[in-house]
Structure formats: structure tokens, C-alpha cells
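No experiment lies behind these values; they were computed from the predicted model shown.
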Amino acid sequence: MDGRHLSLRKRLGLELYRRLHREAVERHELRTLFWECTLRCNLRCGHCGSDCTASPDCQDMPAEDFFRVLDRQITPRVDPHRVMVVLSGGEVLVRSDLERIGRALYDREYPWGMVTNGMALTPQRFDGLLGAGLHSMTVSIDGFEAEHNRLRRHPLSFVRAAEAVRMAAAEPSIAFDAVTCVTPALVPRLDEFKEYLLSLGLRSWRLFAIFPAGRAAEDPALQLSDGQFRALMEFVRRTRREGRIACSYACEGFLGGYEMEARDHFYHCDAGVSVASIRVDGAISGCTSVRADYAQGNIYRDDFWQVWTERFEPFRRREWMRRGACADCAAWRYCEGGPMHLRDADGGMMHCSYRRLCR
């Protein structure tokens with residue numbers, strides 16, 4: 001398949017979706033709030049895409065600081081049932097007060113979820129989180145044992161992640177999925193790995209390519225070639241048509257001819273549109289994957305809701321991205337520069353899925 005090919009039907013769908021997304025930008029209704037509650041982690045993954053500023057003694061944000069903002073500045077202006085709070089890190093399970101935080105969110109009627117590497121998810125801890133009202137959970141598992149452990153740099157990381165997937169997949173009360181960062185070594189084994197995940201009971205699976213940010217920038221061998229990236233798209237499309245597991249490619253940009261064949265929706269970036277985050281230092285931004293350079297304020301000096309309603313111009317008005325490779329790109333109308341988390345400190349694009357599929 002040529003990544004540039006768009007059927008007439010797909011173009012009409014893209015035009016309609018573009019109009020709907022512009023309306024969503026104008027409304028910028030907050031629907032997901034990430035809280036980066038810690039930068040501590042029990043692993044040191046070789047493909048971590050963070051800003052890599054964390055240290056083992058990095059201070060967590062006190063829960064009281066987060067709830068002060070939630071109670072005084074957010075809750076009076078939203079319907080809590082319509083705002084998903086996602087706890088992220090670092091690794092959220094290093095916080096001993098996670099169950100107390102979850103229960104406090106549940107008591108305030110916010111659905112809440114978490115992203116974890118699974119290392120510390122014992123059956124007892126899982127039961128405690130369920131009792132605290134856990135609504136959704138994502139576990140990272142990046143291939144078979146040798147490759148996963150190599151990436152995660154811990155000999156038990158695969159066993160723990162697989163057990164976390166098995167536990168969560170068997171729990172009907174929560175929305176659960178697993179995410180996989182696809183390496184070159186995994187591409188030829190994707191069908192085999194799919195069967196393994198199915199054997200664990202997994203029903204929903206998201207796949208990512210590793211882009212050159214954070215520690216991942218130090219290891220070019222983690223990047224997929226253009227051919228491998230296209231093979232990944234073909235795998236996702238084939239698996240979706242097969243229908244045995246809900247499979248999708250992540251929010252890594254516009255996919256040309258693979259639009260609506262690799263995801264359930266056309267591409268869009270919701271960072272700063274319906275998704276906000278409070279980072280561990282109080283910074284207010286879009287999703288936590290976006291570089292710290294794009295923070296729009298800070299809860300320790302600004303009112304969160306004022307920042308949300310009056311700022312976020314770089315997220316909602318994308319013309320500033322129309323330069324370099326984006327300047328004369330035929331896909332700009334539908335892509336608008338791609339996801340915010342793939343922009344470097346100077347605003348340059350670090351990775352473009354569309355260009356890779358068209359080469």
C-alpha cells in the first residue's frame with residue numbers, strides 16, 4: 001500500500017472529521033486530566049522517552065496539592081463523571097498512598113485510571129486498587145522475555161508485566177489494555193506475540209513505534225526502518241480485520257492511506273484540546289508525553305482553569321508548525337503538524353509517520 005493513497009470516501013471522511021475536530025478545539029472541553037504524581041521509577045528503561053530529569057530521590061507531588069487544585073479550580077466547572085483522571089509517572093505504584101488517592105478520586109465521583117509497568121502489581125495491591133475504585137489500567141509489555149527485559153533492564157520485568165496483564169485481563173470491572181513499544185526485533189514476531197497476548201486473556205492492545213526522545217535517542221537500533229514501520233501498519237490493519245483482539249496504532253501522527261484502518265478514528269491530537277496534565281513540579285500542559293518546554297502555566301503560581309481556558313495557544317492554533325518538512329506537505333490539512341509530543345524544544349518535528357509511509 002502507498003501511504004499517500006486516499007480514496008474519495010476517505011477524503012470525504014477526513015474533511016468531515018477535520019470540521020468536527022476544529023469545533024472541539026473551539027470548545028476545548030476538558031475530558032482527560034493526567035496527573036504525573038511521581039517521577040520515581042523501579043526500572044530504568046532504555047527506551048524511556050521522558051525528559052530524563054528524574055532521580056531516585058525526586059520528590060513526589062503531595063496529594064494535597066493536587067486535590068487543592070481539583071477541588072477549588074476544576075470541580076466547580078466540570079461534571080466529574082465526564083473527566084477521566086489518569087495517574088502516571090515515573091511508576092505510579094512506587095507511591096504507597098496510591099490507594100488513598102484513588103479512593104479520594106472515587107469519593108469525588110471522578111473515574112480514575114493508571115499506567116504501570118507491572119513490576120509492583122501483586123494480587124494484594126491489585127485488590128486494594130480495585131477497592132479504591134480503579135476504573136481503568138494500562139500495562140506496558142514490549143515483546144517476548146529477552147527483548148522486554150533488555151529494554152526494561154531488569155531480569156524480572158517481563159514475568160511481572162505478563163502476570164499484571166493476566167490479572168487485569170481477568171477482571172471484568174475495569175477497562176484494560178496493554179501497550180507495546182515495537183522494536184525491530186519484534187516486527188517479524190508480531191503474529192506470534194499476538195497469540196501469546198491472547199493466551200493471557202488480553203482483549204485490547206495498542207502499539208507504538210519508538211521515536212528518538214529521552215533515552216531512546218541514545219540507541220538508534222530501537223528505531224524501525226521505513227519498511228519495518230510499513231510492516232507494522234500492515235500487521236495492525238490485518239489484525240483489526242481479523243477481529244480476535246482490539247488492536248490499534250497509537251496517536252503518533254497522520255497515517256495517510258492507513259487512516260481508519262489502524263485506529264477506530266481519524267488522526268487527531270487532543271493534547272490541550274480535551275487533554276491536560278499536571279506534572280510533578282506543578283507545570284500545566286497537554287498530555288505528559290509532551291516536552292516540559294510546552295508548559296502553559298504552573299499550579300503553584302497560576303489558576304489551573306484560567307490557564308486551561310485562556311492559554312494553550314501552541315496546542316490549539318497549529319500554524320506555527322507549518323515550517324520545515326511541514327511547510328508544503330500535502331497532508332497538512334489533516335495532520336496540522338502532528339502530535340505535540342513529537343515536537344522538540346525548538347518546535348522541530350522529531351518523527352513523521354506519514355513521510356515514512358510515503359518513502
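With sequence neighbours excluded, no residue forms a ring-ring contact (aromatic ring centres under 6.0 Å, His included) with Tyr294. Remark: Asp107 engages Arg103 in a salt bridge (Lys or Arg N to Asp or Glu O under 4.0 Å) (not counting sequence neighbours). Residues meeting the salt bridge (Lys or Arg N to Asp or Glu O under 4.0 Å) test with Asp344, sequence neighbours left out: none. Every residue two or more places apart in sequence or in another chain was checked for a salt bridge (Lys or Arg N to Asp or Glu O under 4.0 Å) with Arg31, and none qualifies. For Tyr17, the ring-ring contact (aromatic ring centres under 6.0 Å, His included) criterion is met by Phe266, His268, not counting sequence neighbours. For Ala325, the side chain to side chain contact (heavy atoms under 4.5 Å, CB included) partners are Arg355, not counting sequence neighbours. Not a single ring-ring contact (aromatic ring centres under 6.0 Å, His included) links Phe304 to another residue, sequence neighbours left out. Residues that satisfy the salt bridge (Lys or Arg N to Asp or Glu O under 4.0 Å) test with Asp328, not counting sequence neighbours, are absent from this structure. His135 meets the ring-ring contact (aromatic ring centres under 6.0 Å, His included) test with no other residue; sequence neighbours excluded.
For the pair Arg27 and Trp308, the cation-pi criterion (under 6.0 Å, within 45° of the ring axis) is not fulfilled.
Side-chain contact between Arg40 and Glu91 is absent, with no heavy-atom pair separated by less than 4.5 Å. Between Leu87 and Leu105, some side-chain heavy-atom pair lies under the 4.5 Å cut-off. Within the 4.5 Å cutoff, the side chain of Lys194 has no heavy atoms near those of the Leu190 side chain. Using a 4.5 Å heavy-atom cutoff, the side chains of Arg152 and Phe158 are not in contact. Counting only heavy atoms from C-beta outward, the side chains of Val187 and Phe235 never approach each other to under 4.5 Å.
Cluster membership check: Trp305 shares its hydrophobic cluster with Ile278, using side-chain heavy-atom separations under 4.5 Å among Ile, Leu, Val, Met, Phe, Trp and Tyr. When hydrophobic clusters are built by joining Ile, Leu, Val, Met, Phe, Trp and Tyr residues whose side-chain heavy atoms come closer than 4.5 Å, directly or via intermediates, Met61 is not grouped with Phe34. Linking ILVMFWY residues whenever their side-chain heavy atoms come closer than 4.5 Å, directly or via other members, leaves Val290 and Ile210 in distinct clusters. Val94 and Val139 sit in two unconnected hydrophobic clusters of ILVMFWY residues. Membership requires side-chain heavy atoms under 4.5 Å apart, directly or through other members.
Counting all heavy atoms, side chain and backbone alike, Leu98 lies closest to Met114 at CD2-SD, 4.3 Å. Considering every non-hydrogen atom in both Ala63 and Ile101, the closest pair reads CB-CG1, 4.0 Å. Nearest heavy atoms, Leu202 versus Ala178: CD2-CB, 3.7 Å. Between Trp320 and Pro314, the shortest heavy-atom contact is NE1-O, 2.8 Å.
Among residue pairs with one or both ends in residues 164-188, those qualifying as side-chain hydrogen bond (donor to acceptor under 3.5 Å, both in side chains) are Thr138-Asp177, Glu147-Thr183, Glu171-Ser173, Asp177-Arg206, Thr180-Trp205; sequence neighbours excluded.
Aromatic ring pairs are classed by plane angle as parallel below 30°, tilted from 30° to 60° and perpendicular above 60°; the pair Phe144 and Tyr196 is tilted.
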Contacts table for residues 122-133: side-chain donor-acceptor under 3.5 angstrom, sequence neighbours left out:
| residue | atom | partner | partner atom | Å |
| --- | --- | --- | --- | --- |
| Thr122 | OG1 | Arg125 | N | 3.0 |
| Arg125 | NE | Glu99 | OE2 | 2.6 |
| Arg125 | NH1 | Leu93 | O | 2.9 |
| Arg125 | NH2 | Arg95 | O | 2.8 |
| Arg125 | NH2 | Glu99 | OE1 | 3.3 |

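At least one donor-acceptor pair closer than 3.5 Å links the side chain of Asn298 to the backbone N or O of Asp281.
A salt bridge is absent between Asp293 and Arg343; no separation between the charged side-chain nitrogens and carboxylate oxygens falls under 4.0 Å. Electrostatic pairing of Glu109 and Arg82 does not count as a salt bridge here, judged by no charged N lying under 4.0 Å from a carboxylate O.
Through direct or indirect side-chain contacts shorter than 4.5 Å among Ile, Leu, Val, Met, Phe, Trp and Tyr, Val273 is connected to Val25.
His28 and Phe315 have their aromatic ring centers separated by at least 6.0 angstrom. Separation of the Phe229 and Tyr249 ring centroids falls under the 6.0 Å cut-off.
Each of Glu15, Glu259, Glu261 was evaluated against Lys10; a single residue qualifies, Glu261, per the salt bridge (Lys or Arg N to Asp or Glu O under 4.0 Å) test.
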Under the side-chain hydrogen bond (donor to acceptor under 3.5 Å, both in side chains) criterion, do Glu252 and His341 qualify, and how do the steps go? CA-CA 9 Å; Glu252 303 293 336; His341 71 273; 3.1 Å; yes

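The structure places CG of Leu43 at 5.0 Å from CE of Met119, a figure rounded to the nearest 0.5 Å. Annotation: the span from Phe254 atom CZ to Tyr334 atom OH amounts to 7.5 Å, rounded to 0.5 Å.
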